[in-house]
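For the numbers below, each heavy atom of this structure counts, side chains included, while hydrogens, waters and symmetry mates do not.
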Amino acid sequence: MAEKQFIEMRGKVEESLPGGHFRVKLENEQEITAHLSGRLRKFRIRIMPGDDVKVEISPYDLTKGRITYRF
């Protein structure tokens, strides 16, 4: 079975949106909409505007991502 390939990038949370989504500005100045991964929700990791995060982006849709780690 093939493993899914994601693009991992670092970014900064710019704004908190309704429904558990966030607007994240990536290192390359691109803005995307991202949601929390299940592990961050499970352990109730708080994400606030201004936090540095690691984001996984699908190569098929470069405007949406998943926050997987908070620095």
Side-chain atoms of residues 23-33: list all donor-acceptor pairs with protein atoms under 3.5 Å, sequence neighbours left out, distances to 0.1 Å.
residue : atom : partner : partner atom : Å
Arg23   : NH1  : Glu15   : OE1          : 2.7
Asn28   : OD1  : Gln30   : N            : 3.3
Gln30   : NE2  : Leu62   : O            : 3.0

Check: residues 6-14 side-chain donor-acceptor pairs under 3.5 Å, at least two apart:
none

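Shown here for Pro49 and Ser16, the closest heavy-atom pair between the two residues is CG-N, 4.3 Å.
For the atom pair CZ (Arg39) and CD1 (Ile45), the distance works out to 8.5 Å, reported to the nearest 0.5 Å. To the nearest 0.5 Å, atom CZ of residue Arg41 and atom CD1 of residue Ile47 are 12.0 Å apart. Arg46 CZ to Leu40 CG: the interatomic distance, rounded to the nearest 0.5 Å, is 12.0 Å.
Within the structure, every pair that satisfies the salt bridge (charged side-chain N to carboxylate O under 4.0 Å, His left out) test and touches residues 59-71, not counting sequence neighbours, is listed here: Glu56-Arg66, Asp61-Lys64. Each ring pair (Phe, Tyr, Trp, His ring centres under 6.0 Å) pair with one or both residues in residues 10-53, not counting sequence neighbours, would appear here, but there are none. Under the ring pair (Phe, Tyr, Trp, His ring centres under 6.0 Å) criterion, the residue pairs touching residues 45-71 are Tyr69-Phe71, with sequence neighbours excluded.
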